[in-house]
Engineer: 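Here's a structure for you.
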Protein chains: 2
Amino acid sequence: MTSRPTMNDVAREAGVALKTVSRYVNGETNINSVMAERIAEAIAHLGYRRNLSAASLRPGWTSRTIGLVISDLANPHWATLARGVERAATDRGYLLVTGSSEEDGARHDALVDRMLDQRLDGLVVVPPRIPGRAWDSLVPPVPPVVFVDRVVDVPGARCITADDRGGAGEAVAALAAGGARRIAFVGDSLGIPAMAERLAGYRAALQAAGLAEDPALVHDGAHSAEQAERIVGTLLTSALASADAVFAANNRSSLGALQAFRAAGRRLPLIGFDDFEAAILLDPPVSVVGQDVGAMGAAAVTILLDTLEGAADVPSRVVVPTTLHLRGSER
Amino acid sequence: MTSRPTMNDVAREAGVALKTVSRYVNGETNINSVMAERIAEAIAHLGYRRNLSAASLRPGWTSRTIGLVISDLANPHWATLARGVERAATDRGYLLVTGSSEEDGARHDALVDRMLDQRLDGLVVVPPRIPGRAWDSLVPPVPPVVFVDRVVDVPGARCITADDRGGAGEAVAALAAGGARRIAFVGDSLGIPAMAERLAGYRAALQAAGLAEDPALVHDGAHSAEQAERIVGTLLTSALASADAVFAANNRSSLGALQAFRAAGRRLPLIGFDDFEAAILLDPPVSVVGQDVGAMGAAAVTILLDTLEGAADVPSRVVVPTTLHLRGSER
DNA sequence: TTGTAAGCGTTATCAG
DNA sequence: CTGATAACGCTTACAA
């Protein structure tokens with residue numbers, strides 16, 4: 001592939017000055033119609049297309065491209081997020097660069113560096129589970145970054161998350177409304193901010209329903225589906241810690257609980273946090289707190305681009321509402 | 001965000017010439033260690049990072065960024081493809097820009113134009129169902145484009161697809177091996193090249209099994225799951241066209257067939273083309289011809305980058321093998 | 001080993 | 001309304 005025609009080529013072909021072509025291409029109106037015609041012809045003839053990459057070199061110009069770093073594009077959760085980001089970006093004329101960190105800090109940092117070196121206008125980022133460099137270690141000036149789906153512990157950081165607390169509260173309230181009095185909480189480590197929030201929602205809902213919290217029913221050791229299965233298995237059999245409903249605070253916990261139910265041949269009312277494909281196919285269909293991941297991505301882009309384009313009063317924290325899908329398993 | 005430091009700033013700070021900084025940054029060795037030290041300090045102090053976008057402006061340099069246009073990033077099929085593309089791209093030091101056409105030609109063309117204007121090095125493209133402009137209408141020189149998942153009717157076009165014919169053949173052979181003698185083909189319009197290939201595979205397998213083809217069993221009108229359901233419903237009840245097994249030539253046809261089975265309270269041996277999430281959860285689990293979509297994406301990138309980097313004898317057509325997953329529904 | 005000067009394709013200043 | 005000319009941040013002949 002030889003090189004593509006430039007504005008200079010067009011100017012020569014049309015017999016006008018470079019700047020006149022630039023004016024034409026940029027849609028400025030003050031151009032003699034005869035010249036405009038000649039330029040149009042030259043452009044069509046040469047198949048000229050503006051080189052946006054060169055244009056963005058000029059001060060005050062940008063590539064109108066943003067970056068997204070998630071953990072794995074193939075995972076439906078992140079794919080949905082990416083789609084929301086992508087849609088919001090294209091709607092505003094921005095291109096999107098995506099990268100998967102695989103939850104690895106080093107990989108994550110490498111992607112971020114590359115994107116910054118490429119002079120993308122801003123970044124939407126899911127902080128990886130195995131953290132990389134500290135976010136406030138980046139030497140300013142750095143383009144705006146919006147964190148999504150997980151919060152980051154840096155003052156003033158822009159973060160978008162689901163309404164973990166509210167969603168969990170709704171779920172637990174629904175279980176209580178169904179008559180449950182000993183609702184178990186099964187989730188991952190409370191060091192994960194989202195988990196702590198969901199537990200807070202659980203507690204608030206218990207209190208609102210006039211139920212006392214039994215520490216024997218609160219489990220934060222479900223780092224995998226297998227561990228969740230073991231925990232729920234115990235809840236089903238143990239006399240002391242017996243529960244009459246389960247709130248599974250994440251996807252893996254829901255799956256583990258379902259496995260435990262199957263193994264025991266007996267089920268408890270269950271609501272999970274975060275939807276999953278198979279939820280509607282099981283019997284009974286699994287009730288969940290759905291997160292609008294696409295909306296979270298779109299919100300991140302709105303904040304990023306508003307910031308970028310200098311809008312006033314751009315919020316730095318957005319909590320996207322969840323939706324309780326009651327499908328049957330809550331009874 | 002004020003502007004970021006440039007090589008010039010570093011040069012001034014270190015008291016050396018611009019070119020020396022460039023040498024240092026590009027890892028050239030012939031640099032006095034004292035100057036190197038001064039430059040390193042200045043870089044650290046200013047937080048300098050090379051502007052790759054500016055560097056790529058020079059002739060012979062590129063952005064080391066490729067583009068991907070699919071129909072919908074949120075769809076697991078395309079997300080898996082995108083992930084394969086992304087992984088292969090990062091492995092070779094390339095960044096990836098993604099865009100969703102929503103199967104709309106105009107949207108698709110707009111994305112392609114934008115990517116070309118941004119001077120991406122090359123494109124991986126899924127041609128949209130509602131076609132846009134003809135691919136050979138692009139005025140050269142245009143960077144290399146590789147089509148994936150669907151073929152495009154342009155001489156010399158680089159296309160990656162699954163082994164539609166072989167995969168369909170294997171499926172039908174498996175049904176025949178199970179004792180089926182009247183195997184129905186249920187699929188979408190034969191105007192779609194992949195469908196025509198799958199039908200060809202069906203026919204070849206019938207012949208190999210010594211079975212005659214009955215036109216009453218071949219249906220290419222399943223444009224939706226509903227239509228497939230109706231077709232399979234008829235196959236279950238009609239005396240004339242009664243089948244004893246079904247090869248569902250795409251995802252939607254599989255789902256339609258399953259619906260029809262459920263409605264009739266009776267099932268036929270079934271194998272579908274293309275895997276789906278729920279397949280392993282149903283009873284019996286649904287057997288399918290799996291496409292390695294990730295591998296297809298990776299193959300596309302390999303061809304794109306090999307072409308780009310001037311490798312010799314880069315193939316222009318790759319057929320990625322399928323895998324038959326027998327899970328139970330084939331009996 | 002280091003530096004000067006030119007140029008990549010564009011936009012912006014400012015004089016005609 | 002139009003056009004020389006100078007940037008933007010970088011790499012690269014070529015010269016010192």
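All values below come from the heavy atoms of this structure, side chains included, with hydrogens, waters and symmetry mates left out. In what follows, every chain begins at residue 1, and chains take the letters A, B, ... in the order their sequences are listed.
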Engineer: Roughly how many Å is it from CD in B:Glu28 to C1' in C:dT2, rounded to a whole number?
Structural biologist: 12 Å
Engineer: Over how many whole Å does the gap from B:Arg49 atom CZ to D:dG9 atom P extend?
Structural biologist: 17 Å
Engineer: Atom CE of B:Met7 to atom P of C:dG3: distance rounded to whole Å?
Structural biologist: 14 Å
Engineer: Check if the side chain of B:Arg23 and the base of C:dG3 share a donor-acceptor pair of N or O atoms closer than 3.5 Å.
Structural biologist: yes
Engineer: Do any of residues 31-48 of chain A sit with a heavy atom less than 4.0 Å from DNA chain D, and if so which?
Structural biologist: A:Ile31, A:Asn32, A:Met35
Engineer: In this structure, how many angstroms lie between the P atom of D:dG9 and the CG atom of B:Asp9, rounded?
Structural biologist: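 Going from CG in B:Asp9 over to P in D:dG9 covers 8 Å.
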Engineer: Among the candidates C:dT4, C:dT10, C:dC8, find the nucleotide nearest to the side-chain atoms of A:Arg50.
Structural biologist: C:dT10
Engineer: Any donor-acceptor pair under 3.5 Å linking the side chain of A:Glu86 with the backbone of B:Ser100?
Structural biologist: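 Yes.
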Engineer: More than 12 non-hydrogen atoms from neighbouring residues, nucleotides or ligands closer than 6.0 Å to CG on A:Asn32, yes or no?
Structural biologist: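 Enclosed.
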Engineer: Starting at the 5' end of DNA chain C, which residue's closest nucleotide do you reach first, B:Gly15 or B:Arg119?
Structural biologist: B:Gly15
Engineer: Can you check whether B:Arg133's main-chain N or O pairs, donor with acceptor, with B:Asp109's side chain at less than 3.5 Å?
Structural biologist: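 Yes; judged by distance alone, with no hydrogens or angles, the pair exists.
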Engineer: Nearest whole Å is fine: how far is D:dC8 C1' from B:Leu52 CG?
Structural biologist: 16 Å
Engineer: Are the side chain of B:Asp121 and the backbone N or O of B:Ile66 linked by a donor-acceptor pair below 3.5 Å?
Structural biologist: no
Engineer: Can you confirm whether B:Asn8 is buried at CG, in the sense that more than 12 heavy atoms of other residues, nucleotides or ligands lie under 6.0 Å from that atom?
Structural biologist: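 Yes - once you tally the heavy atoms of other residues, nucleotides and ligands closer than 6.0 Å, there are more than 12.
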Engineer: Base, sugar-phosphate or nothing for A:Val16? Non-hydrogen atoms, less than 4.0 Å.
Structural biologist: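 Sugar-phosphate contact only.
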Engineer: Measuring from the side chain of B:Ala17 (C-beta onward, heavy atoms only), which nucleotide among D:dT2, C:dT4, C:dG9 has the closest atom?
Structural biologist: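 Closest nucleotide among those given: C:dT4.
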Engineer: On DNA chain C, check which nucleotide each of B:Leu18 and A:Thr6 is closest to and give me the residue with the more 5' one.
Structural biologist: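 Going by which nucleotide is closer to the 5' end, it is B:Leu18.
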Engineer: Starting at CG of B:Asn30 and ending at P of C:dT2, how long is that distance when rounded to a whole Å?
Structural biologist: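 My rounded result for the distance is 8 Å.
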Engineer: Between the main-chain N or O of B:Asp117 and the side-chain N or O of A:Arg49, is there a donor-acceptor pair closer than 3.5 Å?
Structural biologist: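 Pair absent, no side-chain N/O of A:Arg49 close to backbone of B:Asp117.
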Engineer: Got a donor-acceptor pair under 3.5 Å from the side chain of A:Lys19 to the base of C:dA12?
Structural biologist: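 Side chain to base: pair found, below 3.5 Å.
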Engineer: Could you tabulate the donor-acceptor pairs under 3.5 Å formed by side-chain atoms of residues 134-143 of chain A, not counting sequence neighbours?
Structural biologist:
| from | atom 1 | to | atom 2 | distance (Å) |
| --- | --- | --- | --- | --- |
| A:Ser137 | OG | A:Ala134 | O | 2.6 |

Engineer: Is any side-chain N or O of A:Thr20 closer than 4.0 Å to OP1 or OP2 of D:dT2?
Structural biologist: no
Engineer: What is the distance, to the nearest angstrom, from the CG atom on A:Leu57 to the P atom on C:dA12?
Structural biologist: 13 Å
Engineer: Whole Å only: how far is the CG atom of A:Asn8 from the P atom of D:dA4?
Structural biologist: 11 Å
